[in-house]
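One structure below.
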Amino acid sequence: MVRRLFGNPPWYPGEEDADVSWYDVMQVCLNGHKITAMLKSSPEYGKQHCSDCGATTISNCQKCQAGIQGYHHVPGVIGGSLTKVHAFCHECGEPYPWTTARLGAAQELAEELEGLNEEEKETLKASLDDLVRDTPRTTLAATRFKRIVAKAGKGAADTFKDILIGVISEAAKKMIWPG
């Protein structure tokens, strides 16, 4: 086993659990930039502030204090896929601060759009919550979003994409921005 070649760090569960997979803790800034997916196993990569935007970093859900789920360590496997910054806490289901901030920015943008009436703006804002969650309403929300944003123009569509791309569900991404 690779881990035993280097010894077990003090927080490791123990020799009797050496064949158990586990999640590391991720550190993310309040704006959603990933700092490290392995804060527990490699704390030297942690930072107090983000190098991209200067925001404070967190490694726990601000609602329930659960560690933000990071890299999935699997015994005997070296490497693996990139760890995604999730929109919601895996323990309590609450949105992380970056999700709330992006939704707020998208709602403000909806208010600013010219060429839409008040009903369309309200429908657009109401659809945003269903775009970040993968639920039975996601398809409906994506359809409404595409229709209304198309009316507002390409500039609006591009701005929404910049704001939402990091937190929108995969199903909604595929419907709204295929390819």
Side-chain angles (χ1 to χ4, degrees), residues 21-40 50 52-53 55 57-74 77 79-113 116 119-179:
S21 67
W22 58 282
Y23 284 98
D24 214 310
V25 174
M26 184 181 294
Q27 186 181 46
V28 184
C29 84
L30 294 175
N31 289 317
H33 299 120
K34 178 170 54 174
I35 307 303
T36 180
M38 296 191 293
L39 184 63
K40 202 165 200 178
C50 179
D52 293 330
C53 69
T57 60
I58 61 171
S59 56
N60 296 78
C61 172
Q62 295 183 315
K63 171 82 174 179
C64 72
Q65 300 307 309
I68 299 171
Q69 206 169 57
Y71 181 77
H72 188 202
H73 294 272
V74 179
V77 176
S81 64
L82 295 175
T83 307
K84 176 184 172 195
V85 175
H86 291 282
F88 298 91
C89 175
H90 69 282
E91 284 293 321
C92 69
E94 289 295 312
Y96 285 120
W98 48 90
T99 306
T100 303
R102 287 176 182 264
L103 280 172
Q107 289 171 340
E108 287 180 46
L109 177 60
E111 281 295 323
E112 299 292 323
L113 294 177
L116 299 181
E119 182 181 340
E120 289 168 325
K121 289 179 182 181
E122 289 304 315
T123 300
L124 180 58
K125 290 190 308 187
S127 297
L128 294 171
D129 279 339
D130 289 320
L131 293 178
V132 297
R133 292 172 170 82
D134 194 1
T135 70
R137 296 188 53 85
T138 302
T139 301
L140 174 62
T143 302
R144 286 179 176 160
F145 178 86
K146 275 180 75 168
R147 178 179 45 83
I148 295 170
V149 171
K151 188 175 178 183
K154 182 167 173 24
D158 291 344
T159 305
F160 272 114
K161 184 175 183 180
D162 290 344
I163 292 170
L164 294 172
I165 198 70
V167 294
I168 198 168
S169 76
E170 291 301 316
K173 274 184 207 175
K174 289 176 184 171
M175 287 189 66
I176 297 170
W177 302 296

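Just so you know, these numbers use all the heavy atoms, side chains as well, and skip hydrogens, waters and symmetry mates. Quick caveat: nothing in here was measured; it's all calculated off a predicted structure.
- Between the CD atom in Glu91 and the NZ atom in Lys63 there is a gap of 14.0 Å [rounded to 0.5 Å].
- Side-chain contact check for Ile176 versus Leu131: some heavy-atom pair is nearer than 4.5 Å.
- The side-chain heavy atoms of Phe145 and Leu124, taken from C-beta on, include a pair separated by under 4.5 Å.
- Annotation: the span from Tyr96 atom OH to Cys61 atom SG amounts to 5.5 Å, rounded to 0.5 Å.
- At least one donor-acceptor pair under 3.5 Å links the side chain of Lys34 to the backbone N or O of Thr83.
- Across all non-hydrogen atoms, the minimal contact from Ser21 to Val74 is CB-CA, 4.1 Å.
- The side chain to side chain donor-acceptor pair (under 3.5 Å) analysis of residues 169-179, with sequence neighbours excluded, yields the pairs Glu170-Lys173.
- Here the closest heavy-atom approach between residue Glu120 and residue Leu116 is recorded as OE1-CA, 3.3 Å.
- Among residues two or more places apart in sequence or in another chain, the ring-ring contact (aromatic ring centres under 6.0 Å, His included) test is passed with Tyr23 by His72.
- Taking every heavy atom of both residues into account, Thr123 and Ile148 meet most closely at CG2-CD1, 3.7 Å.
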Given Tyr71 and His73, is the ring-ring contact (aromatic ring centres under 6.0 Å, His included) satisfied, shown in steps? CA-CA 6 Å; Tyr71 181 77; His73 294 272; 4.8 Å; yes

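- Considering only heavy atoms from C-beta on, Leu164 comes within 4.5 Å of Leu128 through its side chain.
- Put simply, CG on Asp158 and CD1 on Ile163 are 11.5 Å apart, with the number rounded to the nearest 0.5 Å.
- Rounded to the nearest 0.5 Å, atoms OG1 (Thr57) and NE2 (His33) are 13.0 Å apart.
- Enclosure of atom CD in Gln65 by more than 12 non-hydrogen atoms of other residues, nucleotides or ligands within 6.0 angstrom is indicated.
- For the pair Lys146 (side chain) and Met175 (backbone), a donor-acceptor distance under 3.5 Å is present.
- At least one donor-acceptor pair closer than 3.5 Å links the side chain of Lys121 to the backbone N or O of Glu111.
- For the pair Ala156 and Leu109, the tightest heavy-atom approach, listed with the atom from each and the gap, is O-CD2, 4.4 Å.
- Annotation: the span from Leu30 atom CG to Gln62 atom CD amounts to 6.0 Å, rounded to 0.5 Å.
- Here the side chain of Asp24 pairs a donor or acceptor atom with the backbone of Lys40 at under 3.5 angstrom.
- Judged by distance alone, the side chain of Ser127 and the main-chain N or O of Ala142 form no donor-acceptor pair under 3.5 Å.
- Residues Thr138 and Ala172 come closest through the heavy atom pair CG2-CB, 3.9 Å.
- No side-chain heavy atom of Asp130 sits less than 4.5 Å from a side-chain heavy atom of Leu140.
- The structure places CG of Asp129 at 6.0 Å from CD of Gln107, a figure rounded to the nearest 0.5 Å.
- By the 4.5 Å heavy-atom criterion applied to side chains, Ile58 and Trp98 are counted as neighbours.
- Contact between Ser59 and Leu39 at its shortest, heavy atoms only, is CB-CD2, 3.5 Å.
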